[in-house]
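See below for the structure under consideration.
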2 protein chains.
Amino acid sequence: MNTANTANTAKGARARARTEITAAIKEAARGQLAAEGAAKLSLRAVARELGMVSSALYRYFPSRDDLLTALIIDAYDSLGAAAEQAHHAAADATPLERWTAVCEAVRGWALAHPHEYALIYGSPVPGYSAPQTTVPAAARVGLLLIGIVRDAHEQGRLTGHALPAELSREAERMTADLAPDLPPEIVTALVAAWAQLYGLVGFELFGQFNRVVEDREPFFRHAVVRLAHGVGLEP
Amino acid sequence: MNTANTANTAKGARARARTEITAAIKEAARGQLAAEGAAKLSLRAVARELGMVSSALYRYFPSRDDLLTALIIDAYDSLGAAAEQAHHAAADATPLERWTAVCEAVRGWALAHPHEYALIYGSPVPGYSAPQTTVPAAARVGLLLIGIVRDAHEQGRLTGHALPAELSREAERMTADLAPDLPPEIVTALVAAWAQLYGLVGFELFGQFNRVVEDREPFFRHAVVRLAHGVGLEP
DNA sequence: CACAAAAGAGAGCACTGCTCTTGCTTTGGA
DNA sequence: TCCAAAGCAAGAGCAGTGCTCTCTTTTGTG
């Protein structure tokens with residue numbers, strides 16, 4: 001997959017055609033995904049759209065689930081890129097403003113790509129267990145949030161809340177894994193806020209807010225600011 | 001001629017058989033759901049398991065999606081019942097304790113019925129739009145949380161946070177709909193916490209916490225207490 | 001009892017993911 | 001340059017799916 005970068009032109013025409021066709025397949029599949037959802041993504045329909053026969057597709061993706069996995073990775077990357085771009089555009093703002101910028105970028109991307117969002121943050125596909133390949137792409141938004149909180153911490157703009165004793169071990173473990181330079185209570189709150197952010201987005205996207213929350217943008221913005229407060233970010 | 005009874009068996013044998021078979025179908029479908037997930041729920045397999053032919057199933061459910069809808073309603077009810085039972089068991093405790101009891105019941109039910117949880121809080125099925133019939137069942141947990149917060153409010157154990165001006169209209173609309181006796185800032189925070197709760201549960205269930213949060217029970221408990229604080233519940 | 005309504009059985013349609021075999025084209029090394 | 005090897009597309013075919021239609025059997029009731 002991501003091995004054909006530098007040697008792209010050096011490789012023969014065949015290899016180039018391969019990456020091109022692979023991209024075309026993903027493109028067509030993404031189209032079906034956006035139109036009908038993951039459940040109705042049909043290899044045969046993709047093949048038809050590309051003017052090939054269904055069995056030819058198996059030269060590029062060994063199974064339907066592998067195609068889905070490729071789309072999942074792309075979706076994570078697309079979401080991560082959107083979040084990073086929003087963060088970059090707010091680079092000079094306060095940590096709280098950068099936090100909300102990233103969160104709103106996540107929401108915006110989700111609303112623009114509902115089926116792709118459902119693919120990565122909805123129910124996992126049948127027997128599929130997220131391959132390790134998705135991890136780096138999936139981590140991008142989280143890393144962004146960690147970075148924002150780290151900056152706030154360095155600026156002395158953080159106030160934590162005490163942790164219960166039963167959680168201290170796990171909090172320290174998570175801290176060592178994710179951000180050893182931050183206090184454990186902050187890291188814990190950050191991880192929870194990370195999950196809660198996707199709760200807000202998912203509820204809006206999957207219709208749970210129908211007839212409950214109507215004017216969602218200000219609601220989301222406020223919820224996300226309160227989320228930041230919970231992590232310790234001060235205005 | 002003989003026996004104009006039908007008083008004790010008001011519905012007749014046929015109607016009873018119908019409800020029995022309907023229940024058996026749902027039961028078998030639930031089994032497949034738990035074993036393989038919603039995507040692999042096959043009408044034919046259900047029929048096979050029951051010793052009927054697939055076409056006979058259509059006398060009970062007009063389509064596969066209708067079967068799924070029935071399972072969705074049952075799942076909402078099962079989750080709602082679990083939450084209500086946990087709430088009832090903690091009836092004499094403080095609002096904060098009742099809050100955590102309900103939240104932990106939701107998490108426990110989700111862990112015990114992952115595929116059913118995915119059915120109701122994961123990505124919606126292809127073209128399906130939640131029929132209005134699911135609403136009352138879906139609302140049970142939310143009503144429970146509203147009731148807890150209302151009790152806390154009556155006991156004077158609530159402290160709200162100011163809302164931004166852009167949100168005041170929507171906050172008042174939601175308050176009028178959901179809990180006119182509560183302050184709008186509380187209702188807003190409550191709705192957000194409701195969504196965030198499912199973010200926490202979903203991330204654990206769908207594997208987003210893998211290699212991130214290991215000891216999840218204390219993490220969840222603490223997160224849920226902080227959630228309650230965010231709504232204004234004091235210990 | 002007779003008759004209409006309800007239920008089951010079976011065949012069949014259009015579709016799916018996937019495999020296997022058969023030819024054709026490109027490629028890289030001798 | 002030539003040629004075997006590898007890559008690729010096509011087609012047929014298998015087992016499975018949701019769903020519809022027709023036909024037969026069962027069953028409750030007038």
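In what follows, chains carry the letters A, B, and so on, assigned in the order in which the sequence lines appear, proteins first and then strands, with residues in each chain numbered from 1. Computed from a predicted model, the values in this text were never measured in an experiment.
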**Report entry** side-chain contact (heavy atoms from CB on, under 4.5 Å) between L41(A) and L71(A), worked out
**Finding:** CA-CA 11 Å; L41(A) 195 164; L71(A) 294 180; 3.8 Å; yes
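Atom CD in Q32(A) sits about 13 Å away from atom P in dC15(C), given to the nearest Å. Spacing between atom CG of L57(A) and atom C1' of dC8(D) amounts to 12 Å, rounded to whole angstrom units. Atom P of nucleotide dA7(C) and atom CG of L50(B) are separated by 15 Å, given to the nearest angstrom. Atom CZ of R59(B) is separated from atom C1' of dG10(C) by 13 Å (rounded to the nearest Å). When the P atom of dT16(C) is taken as reference, atom CD of E49(A) falls 13 Å away, rounded to whole Å. To the nearest angstrom, P of dT27(D) lies 14 Å from CZ of R16(B).
Distances shown here put a side-chain N or O of R18(B) below 4.0 Å from the OP1 or OP2 atom of dA7(C). Distances shorter than 4.0 Å separate some side-chain N or O of Y60(B) from OP1 or OP2 on dG8(C).
Counting heavy atoms from C-beta outward, T69(B) and F61(B) have side chains that stay 4.5 Å or more apart.
Of the possible donor and acceptor atoms, one in the side chain of E170(A) sits under 3.5 Å from a partner among the backbone N and O of E214(B). With hydrogens and angles ignored, the 3.5 Å screen pairs a side-chain donor or acceptor of R173(B) with a backbone N or O of V212(A). In this structure a side-chain-to-backbone donor-acceptor pair under 3.5 Å is missing from R107(A) to R221(A). Of the possible donor and acceptor atoms, none in the side chain of H222(A) sits under 3.5 Å from a partner among the backbone N and O of P218(A).
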Report task. Could you run through nucleotides 14-20 of chain D and give me one letter per nucleotide, 5' to 3': B if any protein heavy atom sits under 4.0 Å from the base, S if only the sugar-phosphate is that close, - if neither? Result -> ---BBBB
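As judged by a 4.0 angstrom heavy-atom cut-off over every strand, I21(B) is placed among residues touching the sugar-phosphate backbone only.
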